[in-house]
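This chain uses plain numbering: 1 for the first residue, then up along the sequence. Remember, predicted model here, so these are calculated numbers, not experimental data. Computed from heavy atoms alone, side chains included, the values below leave out hydrogens, waters and symmetry copies.
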Amino acid sequence: MTAEAPAAPTLSYGRLVPVTVHFDDLDALGLLHNARYPVMVERAWAELWTEHGFRFEGDWAAAGDACNAVKELRITYEAPVTRPGAYAVHLWLERLGTTGLTYGFRFCSADGSTTYAQGTRVLVRLDSATMRPAPWSEAFRGAGRELLRSED
């Protein structure tokens, strides 16, 4: 008799993006190094926004909504990641303002059932010429609305 794998939890908001932890992401104790979590979250966001056509290709003037800066990063580590392999990042938007946004994330097991770290990050959209806050485009706002976490 074979045991069935547990069903992946259904997400009521956001997206689950697969990521891979490699052996060299681990520290001397064999744990995922604390600085690697934000890097993997950033890569997951880059993949998600690229799917929507938003990317940086070396030209800040042409970058549009990809011209942004981090204002704040908060992360809480819940459980250690102790081995390389397949994991995921659950991504969503908490707030989508005129020139800024706050996104939430969970670094989790590949099926989303176990949370290893979670947090939020605040981004500000910048005008490439002045480096001052600038409004998100309507196309970006449309894609972002799909990721908003509802107030349940």
Side-chain angles (χ1 to χ4, degrees), residues 7-22 24-27 31-81 84-152:
T10 302
L11 298 176
S12 60
Y13 59 91
R15 284 269 307 276
L16 200 61
V17 178
V19 296
T20 301
V21 171
H22 298 277
D24 59 355
D25 292 320
L26 306 179
D27 65 15
L31 306 175
L32 180 58
H33 192 281
N34 68 82
R36 301 303 293 165
Y37 290 84
V39 170
M40 292 193 185
V41 170
E42 178 71 18
R43 288 177 181 164
W45 271 115
E47 180 179 326
L48 187 145
W49 288 123
T50 297
E51 289 175 12
H52 290 284
F54 304 102
R55 66 181 61 81
F56 174 69
E57 296 178 330
D59 179 0
W60 285 115
D65 295 298
C67 184
N68 57 65
V70 176
K71 181 176 181 181
E72 177 181 291
L73 172 66
R74 294 175 182 243
I75 187 168
T76 302
Y77 302 95
E78 305 291 341
V81 170
Y87 293 88
V89 179
H90 178 195
L91 303 170
W92 66 91
L93 291 183
E94 291 284 341
R95 183 188 67 81
L96 178 58
T98 302
T99 62
L101 62 80
T102 302
Y103 70 69
F105 64 88
R106 287 186 317 120
F107 189 92
C108 52
S109 56
D111 67 1
S113 64
T114 303
T115 299
Y116 297 101
Q118 60 186 328
T120 59
R121 187 169 168 184
V122 177
L123 292 179
V124 177
R125 162 74 161 89
L126 299 175
D127 177 280
S128 65
T130 65
M131 297 308 271
R132 300 289 308 150
W136 302 108
S137 70
E138 277 309 308
F140 183 89
R141 294 179 63 70
R145 280 191 282 276
E146 295 174 14
L147 298 167
L148 278 168
R149 183 175 182 175
S150 64
E151 301 283 332
D152 34 358

Minimum heavy-atom distance Ala86-Ala110, with the two atoms named: O-CB, 3.8 Å
Steps toward side chain to side chain contact (heavy atoms under 4.5 Å, CB included) verdict (Trp136, Asn68): CA-CA 10 Å; Trp136 302 108; Asn68 57 65; 4.2 Å; yes
Mutual orientation of the aromatic rings belonging to Trp92 and His90 [parallel < 30°, tilted 30-60°, perpendicular > 60°]: tilted
Val19/Arg43 under side chain to side chain contact (heavy atoms under 4.5 Å, CB included): CA gap, chis, key distance, verdict: CA-CA 8 Å; Val19 296; Arg43 288 177 181 164; 5.8 Å; no
Heavy atoms of other groups near Arg95 CZ, more than 12 under 6.0 Å: yes
Arg132 atom CZ: more than 12 heavy-atom contacts under 6.0 Å: no
Check: Arg141 side chain, Gly97 main-chain N or O, donor-acceptor pair, under 3.5 Å: yes
Donor-acceptor pair, side chain of Ser109 and main chain of Thr114, under 3.5 angstrom: yes
With Tyr77, the ring-ring contact (aromatic ring centres under 6.0 Å, His included) member among Phe107, Tyr116, Tyr37: Tyr37
From Leu123 atom CG to Asp65 atom CG, the distance as rounded to the nearest 0.5 Å: 11.0 Å
Contact check, side chains of Leu26 and Pro84, non-hydrogen atoms, under 4.5 Å: yes
Step-by-step side chain to side chain contact (heavy atoms under 4.5 Å, CB included) determination, Leu147 to Tyr103: CA-CA 9 Å; Leu147 298 167; Tyr103 70 69; over 6 Å; no
OG1-CG distance between Thr99 and Asp127, expressed to the nearest 0.5 angstrom: 12.0 Å
Min side-chain heavy-atom separation Val41-Arg121 under 4.5 Å: no
Side-chain (Arg125) to main-chain (Ser137) donor-acceptor, under 3.5 angstrom: no
Non-hydrogen side-chain atoms of Val21 and Met40 separated by less than 4.5 Å: yes
Rounded distance (nearest 0.5 Å) linking atom OG1 of Thr50 with atom CD of Glu57: 8.5 Å
Exercise: identify the closest heavy-atom pair between Thr20 and Asp25: O-OD2, 4.1 Å
Rounded distance [0.5 Å steps], CG in Leu48 versus CZ in Phe54: 10.5 Å
Taking every non-hydrogen atom, the tightest pair across Gly144 and Leu93: O-CD1, 3.3 Å
Heavy-atom pair with the smallest gap, counting every atom of Phe140 and Leu96: CE2-CD1, 4.4 Å
Within-4.5 Å side-chain heavy-atom neighbours: Thr98 and Pro133: no
Any side-chain heavy-atom pair of Phe105 and Ile75 under 4.5 Å: yes
Point-to-point distance, once rounded to the nearest 0.5 Å, from CZ of Arg55 to CD of Glu47: 12.0 Å
Rounded distance (nearest 0.5 Å) linking atom CG of Leu91 with atom CZ of Arg15: 8.0 Å
Leu16 and Cys108: CA distance, side-chain angles, deciding distance, side chain to side chain contact (heavy atoms under 4.5 Å, CB included) verdict: CA-CA 9 Å; Leu16 200 61; Cys108 52; 3.7 Å; yes
